[in-house]
Q: 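I have a structure I would like to understand better, so I am pasting it below and will then ask my questions one at a time.
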Amino acid sequence: MKKKILNVLNEYIDGEIVLEKPKDINFGHFATPVAFSLAKKLRKSPVIIAKELCEKLLKEDIFSSVEAVKGYINFKLENEFLDKFATWSLQNENDFAKGSNNKKILLEYVSANPTGPLHIGHARGAILGDSLCKIARHLGYEVTSEYYVNDAGNQIYLLGLSVFLNAQDNFFDMDIDWPDEYYRGSYINDLACEARDNFGVDIFTDNTNVKLLSDWAKDKMLELIKSNLKECGIEFDSFVSEKKLYEKWDEVFDRLKRNGAIYEKDGKWWLNSTKYNDEKDRVVVREDKRATYLAGDIIYHDDKFKREYDEYINIWGADHHGYIERVRAAIKFLGYDENKLEVILSQMVSLLKAGEPYKMSKRAGNFILMSDVLEDIGSDALRFVFLSKKSDTHLEFDVDMFKANDSSNPIYYINYAHARINQLFEKSNKKLKDILNVKLDNLNSDAENLLFYSLLLPEVIEDAFKQRALQKLTEYLKILASFIHRFYNEYRIIATEEEDKYLKILSTSALSIRVGLKLIGIQAKYKM
RNA sequence: GUCCCAAUAGCUCAGCAGGAUAGAGCACUUGAUUCCUAAUCAAGAGGUCGUGAGUUCGAAUCUCGCUUGGGACACCA
């Protein structure tokens, strides 16, 4: 819709035109403050410019009204135009709000260490990533979703050791000298029991078995993570193993050396990342020849860029923000365009329940499990709450809010709007095909506004994706639901003269809700 | 000390490529069911947009300072 209008406007106005949403939908469907910016160039008052433009634009038949108010120009679209779009959309649900972008995107998210179950902070990144992926695909992008598995470092050994020591403590009642950074939490207990059932209790008598336990536990944890994600409807296209990537380390290392990216000092190899904005150089190979975590990420990004995508998006936890520059530097050193990499940081989450805040810490075992919250409020509610806030700000919410079955629970409210429309069809015994070709004319302003707003979804998702601001979509759905409820209360629909028209309009509303929800991984309800 | 994110209604937050009277939900007050789910709706009240300056026709939005809060600053991953 927007595009059509801009095309028309461009015939009259040179330069960039900003189309915005009027403060009040009764002013018009779209508005532009373009007269203000033209005022200087034309040396005329904005009010006069707006008036003059108005007169010219009135001739265009896609507008039913064009008004100049205090320098703004407000447009209303012709019913016929909206009607055509509505009919098409209802006939082509699967293509509704689709885009024609064709870039290839590699989207990496979650990538949590396979050393324990996912906690609520991971869930935020997971849900954001999955929803971005769904929306991007709808808009035509070719997206690969990827999980980078850190299965190579010391933390995996520590996982095995934690299981080993836990077993010695529990099964043999031994005095344990716990290392500082061991993993706690009941899942270690469970792992120890399972390992005992699997391998026999004797495995815990010989500490050369820690390595074997580590590998085994890591695989177990990866399975657990996958099932955590699945509870929320999230699946990945690919999992990349850090360990496997190390086979390519020698080659990458040589290339870095040739490109002058690394140098030897104090027996270690350093990445010269200060050359590209990092605050200091970083060690990539330690004195004992072991590579650091950064090395893994360098190989990984080399691997990513070799696969030739147009854009790379990483969703990282906010604690990684200092990490961005060094990875960018490495990408540049390897001869790639580092501007293709975009990092989205997802901030901390604090959960409230009856006003009690929880603190999270992966190591300490005092963290909130994603699966617990999912069990508490369900995947739909969790997805909705995470997406309704900007991802780069801290988020605090009370789980109790999403248990209520009334309008205080936004996901409930939206579903109810959708279900109501469906119920109308059941009561009226009409099918979509019966009302599809009803002409939408002579609509009152409430009906027209509802129709217009329902058809706005394509603009909303385009905008939400481009700005990586999915809260625009959830916000839209909330407002649309409120429009629907208001209309429902105000007008009787079944067995009135307007029945067919109203059913058609409400069908487009339901369509937008259904498609909008689907794009954030929620299945709209037909019955409450 | 350096860097990142924030500060908007009592609470949780939208709005921020500058634009019309600063919005929503919760909570609070009042009203609406002989009629499609009142699981809803309508109305009211509630704000010096942290603070000081600057940029200009115009600032919650941009720039700089300050205050307060959260986080990050490994040869851990």
Side-chain angles (χ1 to χ4, degrees), chain A residues 16 18 20-24 27 31-37 39-40 45-46 69-72 74 111-113 115 150-156 158 181 242 266-270 279-280 282-288 290-297 317-325 345 347-348 350 352 355 362-363 385 388-398 401 404-410 412-413 415-417 419-421 423-428 467 469 471-472 474-475 478-479 481-482 484-496 499 502-503 506 527-528:
Chain A
E16 214 174 315
V18 179
E20 53 187 40
K21 197 178 84 182
K23 269 265 150 358
D24 185 329
F27 288 168
T32 177
V34 74
F36 290 94
S37 44
K40 226 179 220 168
S45 113
V69 183
K70 293 190 222 165
Y72 288 87
N74 297 324
S111 298
N113 287 342
T115 53
N150 292 123
D151 52 3
N154 188 44
Q155 81 281 6
I156 299 298
L158 219 57
E181 288 210 302
E242 181 187 9
D266 306 330
K268 307 157 207 175
W269 286 92
W270 300 73
E279 33 184 67
K280 53 183 169 186
R282 311 287 172 173
V283 173
V284 284
V285 181
R286 303 180 182 93
E287 247 169 312
D288 58 9
R290 279 162 48 236
T292 64
Y293 175 75
L294 178 60
D297 241 327
D319 54 338
H320 275 64
H321 90 85
Y323 207 75
I324 299 172
E325 287 311 326
L345 295 180
Q347 280 283 357
M348 309 268 293
S350 331
L352 290 174
K362 180 143 192 175
R363 294 271 150 88
V385 68
S388 55
K389 316 288 178 205
K390 284 184 292 194
S391 62
D392 60 355
T393 62
H394 298 235
L395 166 63
E396 188 178 86
F397 77 96
D398 200 312
M401 183 170 174
N405 282 347
D406 57 40
S407 61
S408 66
N409 177 350
Y412 188 86
Y413 184 76
N415 267 319
Y416 184 35
R420 270 186 149 169
I421 295 170
Q423 289 302 301
L424 283 174
F425 272 91
E426 298 224 329
K427 283 261 153 64
S428 79
Q467 295 188 34
Q471 76 274 11
K472 287 183 192 274
T474 54
E475 194 68 20
K478 272 195 271 186
I479 295 172
S482 132
I484 294 168
H485 286 306
R486 193 190 309 167
F487 192 81
Y488 184 94
N489 264 275
E490 184 94 18
Y491 297 93
R492 207 181 148 71
I493 292 153
I494 289 175
T496 65
E499 176 171 345
Y502 287 175
L503 282 177
L506 285 166
K527 215 173 173 173
M528 305 297 284

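Every chain is numbered from 1, with letters handed out A, B, ... down the list of sequences.
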Q: Taking the side chain as everything from C-beta on, heavy atoms only, tell me whether A/Ser350 gets closer than 4.5 Å to A/His394.
A: no
Q: Name the nucleic acid region contacted by A/Phe36, choosing base, sugar-phosphate or nothing; use a 4.0 angstrom heavy-atom cut-off, strictly under.
A: base
Q: In whole Å, what separates the C1' atom of B/rG69 from that of B/rG23?
A: 25 Å
Q: Expressed as a whole number of angstroms, how long is the span from A/Asp392:CG to B/rC3:P?
A: 19 Å
Q: Provide the Watson-Crick or G-U wobble partner of B/rG46, both distances under 3.5 Å; none if there is no partner.
A: none
Q: Looking only at the side chain of A/Pro22 (C-beta and beyond, no hydrogens), which of the listed nucleotides B/rA20, B/rC13, B/rA77 gets closest?
A: B/rA20
Q: A/Met348 CE to B/rA72 P: how many Å, rounded?
A: 7 Å
Q: Report yes if some heavy atom in the side chain of A/Asn74 is under 4.5 Å from a heavy atom in the side chain of A/Val69; otherwise report no.
A: yes
Q: Using a 4.0 Å heavy-atom cut-off across all strands, classify A/Phe425 as base, sugar-phosphate, or nothing.
A: nothing
Q: With rounding to whole Å, what would you report as the distance between B/rG50 and B/rA9 at their P atoms?
A: 8 Å
Q: Remember a base hit wins even if backbone is also touched, and classify A/Ala495 as base, sugar-phosphate or nothing at under 4.0 Å, heavy atoms.
A: nothing
Q: Scan every strand shown for a Watson-Crick or G-U wobble partner of B/rA53, both distances under 3.5 Å, and answer none if you come up empty.
A: B/rU63
Q: Return the nearest nucleotide to the side chain of A/His485; candidates are B/rU40, B/rA17, B/rU12.
A: B/rU40
Q: Give the rounded distance in Å between these two atoms: CG of A/Leu294 and P of B/rC73.
A: 14 Å
Q: Regarding B/rG71, can its base be found pairing with the side chain of A/His394 as donor and acceptor, where the two atoms are less than 3.5 Å apart?
A: no
Q: With rounding to the nearest 0.5 angstrom, report the CZ to CZ distance, A/Arg290 to A/Arg286.
A: 4.0 Å
Q: What integer distance in Å separates A/Glu20:CD from B/rG15:P?
A: 15 Å
Q: Taking any strand in view, what nucleotide pairs with B/rU34 in a Watson-Crick or G-U wobble way, both distances under 3.5 Å?
A: none
Q: Is the phosphate of B/rG15 approached by A/Gln471 (side-chain N or O, under 4.0 Å from OP1 or OP2)?
A: yes
Q: Out of B/rG25, B/rA74, B/rA14, which nucleotide sits closest to the side chain of A/Lys280?
A: B/rA74
Q: A/Leu294 versus A/Tyr323: any side-chain heavy-atom pair under 4.5 Å?
A: yes
Q: Less than 4.5 Å apart, side chain to side chain, heavy atoms only: is that true for A/Gln347 and A/Leu395?
A: no
Q: Testing the basics here: between A/Tyr293 and A/His320, what is the closest heavy-atom pair and its distance to 0.1 Å?
A: OH-NE2, 4.2 Å
Q: Without decimals, in angstroms, what is the distance between A/Glu396 CD and B/rG69 C1'?
A: 12 Å
Q: Quick one: pull up CG in A/Leu503 and CG in A/Leu424 and give me the separation to the nearest 0.5 Å.
A: 6.5 Å
Q: Please report the distance separating the C1' of B/rG58 from the corresponding atom of B/rU67, rounded so that it comes out in whole Å.
A: 28 Å
Q: Kindly indicate whether the side chain of A/Asp319 and the base of B/rA77 share any N or O donor-acceptor pair separated by less than 3.5 Å?
A: no
Q: Using OP1 and OP2 only, check whether a side-chain N or O of A/Arg282 sits under 4.0 Å from B/rA74.
A: no
Q: Taking any heavy-atom pair under 4.0 Å as a contact, classify A/Glu279: base, sugar-phosphate, or nothing.
A: sugar-phosphate
Q: Expressed in angstrom and rounded to an integer, what is the separation of A/Arg486 atom CZ from B/rA24 atom C1'?
A: 12 Å
Q: So A/Asp297, base contact, sugar-phosphate only, or nothing? Heavy-atom distance under 4.0 Å.
A: nothing
Q: Using purine N1 to pyrimidine N3 plus N6-O4 or O6-N4 for Watson-Crick, or N1-O2 and O6-N3 for G-U wobble, each under 3.5 Å, what pairs with B/rG18?
A: none
Q: For a quick check of understanding: with a heavy-atom distance under 4.0 Å over all strands, which category does A/Arg492 fall into, base, sugar-phosphate or nothing?
A: base
Q: Which nucleotide wins on minimum distance to the side chain of A/Leu395, given the candidates B/rC13, B/rA20, B/rC76?
A: B/rC13
Q: With a 4.0 Å cut-off on heavy atoms, is A/Ile479 in touch with a base, just the backbone sugar-phosphate, or nothing at all?
A: nothing
Q: B/rG44 and B/rA14: how far apart are their C1' atoms, nearest whole angstrom?
A: 22 Å
Q: Distance from A/Thr292 atom OG1 to A/Trp269 atom CH2, nearest 0.5 Å?
A: 14.0 Å
Q: Looking at B/rA14, I'd like to know if its phosphate oxygens (OP1 or OP2) sit under 4.0 Å from a side-chain N or O belonging to A/Thr393.
A: yes
Q: Using the side-chain heavy atoms of A/Lys70, tell me which of these nucleotides is nearest: B/rA20, B/rC13, B/rA77.
A: B/rA20
Q: Which whole number of Å gives the distance between the P atom of B/rC13 and that of B/rA77?
A: 34 Å
Q: Between A/Ser482 and A/Gln347, who's closer to the 5' end of RNA chain B by nearest nucleotide?
A: A/Gln347
Q: Does A/Lys472 have a side-chain nitrogen or oxygen under 4.0 Å from the phosphate oxygens OP1 or OP2 of B/rC16?
A: yes
Q: Mind checking A/Tyr413 for me? I need base, sugar-phosphate or nothing, with any heavy atom below 4.0 Å counting as a touch.
A: sugar-phosphate
Q: For A/Lys390, answer base if it contacts any base atom (sugar-phosphate contacts may also be present), sugar-phosphate if it contacts only those atoms, and nothing otherwise; contact means non-hydrogen atoms under 4.0 Å.
A: base
Q: Tell which nucleotide pairs with B/rC73, taking only Watson-Crick or G-U wobble pairs whose two distances are both under 3.5 angstrom.
A: B/rG1
Q: Could you give the distance separating B/rU55 and B/rA20 at their P atoms, to the nearest angstrom?
A: 22 Å
Q: Using side-chain heavy atoms (C-beta onward) and a distance below 4.5 Å, is A/Arg420 in contact with A/His485?
A: yes
Q: Rounded to whole angstrom, note down the C1' distance from B/rU56 over to B/rU61.
A: 14 Å
Q: Between B/rU51 and B/rA45, how many Å separate the two P atoms, rounded to a whole number?
A: 24 Å
Q: Write down the distance between CG (A/Asn489) and P (B/rA42), rounded to a whole number of angstrom.
A: 7 Å
Q: Which nucleotide, if any, forms a Watson-Crick or G-U wobble pair with B/rA6, using both distances under 3.5 Å?
A: B/rU68
Q: Just label B/rA32 as syn or anti from its O4'-C1'-N9-C4 or O4'-C1'-N1-C2 angle, using within 90° of 0 for syn.
A: anti
Q: Provide the Watson-Crick or G-U wobble partner of B/rA24, both distances under 3.5 Å; none if there is no partner.
A: B/rU12
Q: Among B/rC5, B/rC36, B/rA77, which nucleotide has an atom closest to any side-chain atom of A/Leu424?
A: B/rC36
Q: Respond yes when some side-chain nitrogen or oxygen of A/Arg420 is under 4.0 Å from OP1 or OP2 of B/rA38, and no when none is.
A: yes
Q: Here's a test of your reading of the structure: between A/Pro410 and A/Lys527, which maps to the more 5' nucleotide of RNA chain B?
A: A/Pro410
Q: Which heavy atom in A/Ile494 sits nearest to a heavy atom in A/Lys427, and how many Å separate them?
A: CD1-CB, 3.3 Å
Q: Measure from OH on A/Tyr293 to C1' on B/rC73 and round the result to the nearest Å.
A: 16 Å
Q: Under 4.0 Å, heavy atoms only, any strand: does A/His321 hit a base, just the sugar-phosphate, or nothing?
A: base
